[in-house]
Structure formats: C-alpha cells, structure tokens
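In listed order, ligands and their atoms are each counted from 1. Source: prediction; values computed, not measured.
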Amino acid sequence: MENLQEQNVQFPLIGTKAPEFIAQTTQGNIHFPNDFSGKWIILFSHPADFTPVCTTEFMTFASMHEEFKSYNCELVGLSIDSIHSHLGWLRAIETYSWNGIENPKVEFPLIADIKMEVAKKYGMLQGESDTNAVRAVFFIDPEGIIKTTLYYPASLGRNFAEIKRILIGLQKSAAEGVALPANWEPGKDVILPPPGTKKDIADRMALVKEKGYEMKDWFLTFKKDQ
Ligand code: BEZ
C-alpha cells in the first residue's frame, strides 16, 4: 500500500475507545463493541479465507473458544472476504483435523469486511498488501477500551499461548491493580506499581514489612500471586 494516510487507515491506540462499527458476520449483523458490553473481546483479522496459515489459526481459535468464554471473553474475527466465502471456508474447516484438533466448529462471528471499512478503522491494512489484512489482534476490556494491540505479518501464525497469557494478565492487572514482570505466567509473583511520592515510599516500606513482600529496591516490590 503506497500511502496509508491517503487510504484513511487509522491505528487505534491503547487506552482509547475501540472504534464503533456495524458489520455483517457469519453469526448475523453485529454492533461493535456495544453488543459485547460487559465482556472482554479479542478482535482479530486474518489475510484471507482458504489460505493455509489462516486455516491453522481458525482451527486453533475454534478449539480455544470455550476456554476464552470461561474468561468472559468473546472472539470476533475479520477478513476482507465475502460472507459466502467465509461460510464456505468455515464449513471446509469443520472437516479438517490437525495438531490434535478434530472437526472444529467456528461458532464465533467472522466479519465479512469486503469494503475494508473495519480494516481501515483498525489499522489492519498495512504495507504488505492493498487487499489482505495483516494478522491483527485487539484486546478490548468490558468498557470498550483497547488494552493491547498486536500485529503479525501474513507469513507468521500467531502464538495462542501468548494471546491467552495477555488476556489473563490484563484481567489480573485490572482486578488487582498490579503490574506483571517479564515472562509473567499465572501463579508467578506480581509487581506493585511504583510509589509516586516520598510518602508513598514510606507507606510502601511499612507495607512490605507488614506483609513480608519482597522489595528489591524502593521502586521494585514483588508480591506472591494469590
Ligand atoms: C496464509 O494464511 O497461509 C497466508 C495468507 C496470505 C499470505 C500468506 C500466507
């Protein structure tokens, strides 16, 4: 794509409201993100239907759909293809077995963004192609705020363990007001946000003494996961 500005491609930013849209999907029309109010959403794009890497990703998303739902999280997919292409591809996917996943049913909505309206609102069209979305992932919280964005190229399938880790980490951080260290995994120690004033430092020292937290320095305190 020569000029992303000319094409009016926008890039939603972390901490901002998820752009709204109405779209046709394989589960009927959706009003996004309002239809999912009160839930976490993973909105993701893929380059095209009937392509190999995308097929492995859809099989994996379908196999993890119930698990994401158990975290109060809904999946919404998108590509720049027609609804009939989507329906045909999802039916084909149901006949496949791969990587321990057998005959997966894709029950989450897949947006038919043939006019590229949503792709342009979400920065899914980038320099690789004028017509295929990149592999974008948006994590949106129950208030409709964008919390994390990922972009992968067409040639690289996503890491689903990382997608799940991000969701669990975002939920933990929101629920407990903690930060999460490098390579954090559920069950590992979390970090208390750093103090911002001299009084906060004194309070933190007292808290560390009382609770037995591990303080490496005044700005770096670890707490056991609950
Ligand atoms: C794929 O999903 O395999 C794919 C899609 C577009 C370009 C390259 C690979």
Side-chain angles (χ1 to χ4, degrees), residues 1-12 18-19 21 23-27 30 32 41-69 73-140 146 148-167:
M1 179 176 288
E2 282 300 304
N3 190 334
L4 297 172
Q5 255 175 351
E6 255 173 42
Q7 293 276 338
N8 202 21
V9 173
Q10 298 167 321
F11 291 87
F21 59 81
Q24 186 185 25
T25 85
T26 50
Q27 306 280 339
I30 57 168
F32 192 93
I41 313 166
I42 295 178
L43 170 68
F44 66 95
S45 59
H46 66 279
D49 297 345
F50 296 103
T51 51
V53 178
C54 300
T55 298
T56 62
E57 289 194 323
F58 262 70
M59 294 181 75
T60 310
F61 268 126
S63 73
M64 294 175 74
H65 187 192
E66 283 303 315
E67 193 177 3
F68 283 120
K69 282 208 281 195
C73 177
E74 295 294 333
L75 300 175
V76 179
L78 174 150
S79 75
I80 301 165
D81 286 292
S82 72
I83 200 76
H84 296 108
S85 168
H86 281 349
L87 292 170
W89 184 46
L90 298 189
R91 275 176 73 87
I93 285 175
E94 286 183 14
T95 69
Y96 304 150
S97 296
W98 170 76
N99 208 27
I101 305 166
E102 287 181 18
N103 308 112
K105 292 211 180 316
V106 178
E107 307 286 10
F108 54 83
L110 174 51
I111 297 167
D113 193 29
I114 199 78
K115 292 188 181 158
M116 309 188 197
E117 287 168 354
V118 181
K120 286 181 184 173
K121 278 189 176 183
Y122 276 83
M124 293 166 173
L125 273 170
Q126 299 193 10
E128 282 190 329
S129 167
D130 287 339
T131 52
N132 288 353
V134 295
R135 300 183 196 283
V137 192
F138 295 87
F139 295 78
I140 300 167
I146 297 197
T148 300
T149 65
L150 303 173
Y151 291 103
Y152 293 61
S155 57
L156 180 63
R158 284 163 270 221
N159 181 326
F160 285 78
E162 174 63 354
I163 289 173
K164 183 173 147 186
R165 188 190 80 99
I166 290 172
L167 176 68

**Asked** Should I42 and F139 count as side-chain neighbours, where that means a heavy-atom distance under 4.5 Å?
**Response** yes
**Check: V134 main-chain N/O paired with S45 side-chain donor or acceptor under 3.5 Å** = yes
**Item:** Protein residues that have a heavy atom under 4.0 Å from any atom of ligand 1, sorted by chain and number
**Value:** P47, T51, P52, V53, C54, R135, A154
Residues 83-105 side chain polar contacts: donor-acceptor under 3.5 Å, at least two apart:
from : atom 1 : to   : atom 2 : distance (Å)
S85  : OG     : D49  : OD2    : 2.8
H86  : ND1    : D49  : OD1    : 3.2
H86  : ND1    : D49  : OD2    : 2.7
H86  : NE2    : I111 : O      : 2.7
W89  : NE1    : T55  : OG1    : 3.1
T95  : OG1    : A92  : O      : 2.6
N103 : ND2    : E94  : O      : 2.9

Identify all side-chain donor-acceptor contacts of residues 58-66 below 3.5 Å with residues at least two apart in sequence or on another chain.
from : atom 1 : to  : atom 2 : distance (Å)
T60  : OG1    : T56 : O      : 2.7
S63  : OG     : T60 : O      : 2.8
E66  : OE2    : K69 : NZ     : 3.4

**side chain to side chain contact (heavy atoms under 4.5 Å, CB included) partners of P19, counting only residues at least two apart** = P12, K121, Y122, I146
**Message:** In the structure I gave you, are the side-chain heavy atoms of T25 and V76 within less than 4.5 Å of one another anywhere?
**Reply:** no
